[in-house]
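Below, chain A is the first sequence line, B the second, and so on; all start at residue 1.
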There are 2 protein chains.
Amino acid sequence: MQLRRADVLRGARDLLDADGLDGLTMRKLGAALNVQAGGLYWHFPSKQALLEAVADDLLAGVAETPPAGPWDQRLLTLAHRLRQALLSVRDGARLVAETFVTEPNTSMAGRTGMRILMDAGLPAEQAAWTMFAVGHYVLGHTIEEQSTGADREAKLAAQAEADADLRELAAAIGADPGRRFEFGLALMIDGIRVRVSGRTPADS
Amino acid sequence: MQLRRADVLRGARDLLDADGLDGLTMRKLGAALNVQAGGLYWHFPSKQALLEAVADDLLAGVAETPPAGPWDQRLLTLAHRLRQALLSVRDGARLVAETFVTEPNTSMAGRTGMRILMDAGLPAEQAAWTMFAVGHYVLGHTIEEQSTGADREAKLAAQAEADADLRELAAAIGADPGRRFEFGLALMIDGIRVRVSGRTPADS
DNA sequence: ACCTGAACACCGTTCAAGT
DNA sequence: ACCTGAACACCGTTCAAGT
């Protein structure tokens, strides 16, 4: 009947899915686990520490080395896994955004990506910077993807009146987020390819 | 002596700079403006609405059409402006992250970028998706850039023991954030260039 | 029109005391 | 070792009433 650290983590995830990041309070979490709010402080020193643990938990497995293959394919695998992990719980991206790189699993994912790029021929520093760029893109994309924003599309549609470009923007937001994600990712991978093959497109 | 909407916005920005997003409360803002907390609700319907107004305020001017020139130069200008706007106040990126695209100034910046890319020859849909990708990168980057994370570098350094790759990652985080930003941005621009010139690097 | 005063229903965190 | 009970110092928001 006693609470273990893992139980608290699972309870926090469930509550996150149910009530979102703003609705996740120590009191509600306590109630869900049949414990007083204060009791949770025996397991975690603060709410912040608990949230960081949940964030790190979310990213477990992301850093695993992808199967052998072309570097771009392996990098795609890594980016897809990261997105899926962030999407696996409500407000997951916002949650992770506040602990980026700090948590072990995030930096391990960066490490894995670095290895892939260095194997492809990129120097270590470029490999590290590239992984930051990819990580920031994935994070930014999923934050927006998960933002409910009440009446997001309605607001944009209202602005879009009589402006063809804004109508295109609104349509792009309504489009399948998976395809949008893929497009931006392909963009970055093409940019990386230029560096891996050691020339800029302007050269040709 | 009476409070105008603009005074509340400026007060909120100042308090943001002083105490950060988590320290910005209606009660403290009221105190700073010599008003009861409840009085603020005459000017804004909710704290959320006030924060959205501050976010939109932050991005004023970003959407202005950059001077004529090559498309990549103009896109760089836009991205730099966006980053600077987000960095202009403490926790600016986190603040904007929660209202992305929704606010008029954000979508206007997207519109400006679309025009630049369409002038360069990209079809409207690709132009829109590209601007989303660039926007997400800038947002993700600046969020991380602004995250204090207490002892970020110390934590990473602790993990980095006995792992050469992690040491490179830690060094990359310690590096000049402006240069890191530039690197990732150049990456994306090269990826866009491939689409503007109408071929993939693999073709050659 | 613009704000006060006071209340309502919450928060995170601490800590003696219980078991 | 693990949790309760109760308190402390806060929150956002509402709303009658004042000016």
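For Ser46(B), counting side-chain heavy atoms from C-beta on, the closest listed nucleotide (dT13(D), dC2(C), dT4(D)) is dT13(D). Closest contact between the side chain of Gln2(B) and the listed nucleotides dC3(D), dC11(C), dC3(C) involves dC3(C). Out of dC3(C), dG12(D), dG12(C), the shortest distance to the side chain of Met26(A) is found at dG12(C). Out of dA1(D), dC11(D), dC2(C), the shortest distance to the side chain of Trp42(A) is found at dA1(D).
In this structure, Gln48(B) atom CD and dG12(D) atom P are separated by 12 Å, rounded to whole Å. Spacing between atom CG of Asp19(B) and atom C1' of dC11(D) amounts to 15 Å, rounded to whole angstrom units. Atom pair Asp22(A):CG and dC10(C):C1' shows a separation of 14 Å (rounding to whole Å applied). A straight line from CG of Leu40(A) to C1' of dG5(D) spans 15 Å, rounded to a whole angstrom. Rounded to whole Å, the distance from OH on Tyr41(B) to P on dA16(D) is 17 Å. Atom C1' of nucleotide dT14(D) and atom NZ of Lys47(B) are separated by 17 Å, given to the nearest angstrom. Protein atom CZ of Phe44(A) is 15 Å distant from nucleotide atom C1' of dC2(D), rounded to whole Å. Following rounding to the nearest Å, Leu50(B) (CG) and dG12(D) (C1') show an atom-to-atom distance of 12 Å.
Side-chain contact check for Val62(B) versus Met108(B): every heavy-atom pair is 4.5 Å or farther apart.
The partner of dA1(D) is dT19(C), by the rule that a Watson-Crick or G-U pair needs both atom distances under 3.5 Å. dC8(D) is paired with dG12(C) under the criterion used here, namely a Watson-Crick or G-U wobble arrangement in which both key atom distances are under 3.5 Å.
A cation-pi arrangement, defined by a distance under 6.0 Å to the six-membered ring centre and an angle within 45 degrees of its axis, is present between Arg180(A) and Phe132(B). At least one cation-pi condition fails for Arg83(B) and Tyr137(B): the charged atom is not both under 6.0 angstrom from the six-membered ring centre and inside a 45 degree cone around its axis.
His43(B) has a side-chain polar atom (N or O) that falls below the 4.0 Å cut-off from OP1 or OP2 of dC3(C). For the OP1/OP2 pair of dC3(D) and a distance below 4.0 Å, the side-chain nitrogens and oxygens of Gln36(A) include no atom meeting the criterion.
Map Arg27(B) and Leu3(B) each onto its nearest nucleotide of DNA chain C; the residue landing nearer the 5' end is Leu3(B). Between Gly23(B) and Asn34(A), the residue whose closest nucleotide on DNA chain D is further toward the 5' end is Asn34(A).
Using bins of under 30°, 30° to 60° and over 60° for the plane-to-plane angle, the ring pair Phe183(A)/Trp129(B) lands in the perpendicular bin. Taking the six-membered ring where the residue is Trp, His136(A) and His141(B) present perpendicular rings, their angle passing 60° and hence far from 30°.
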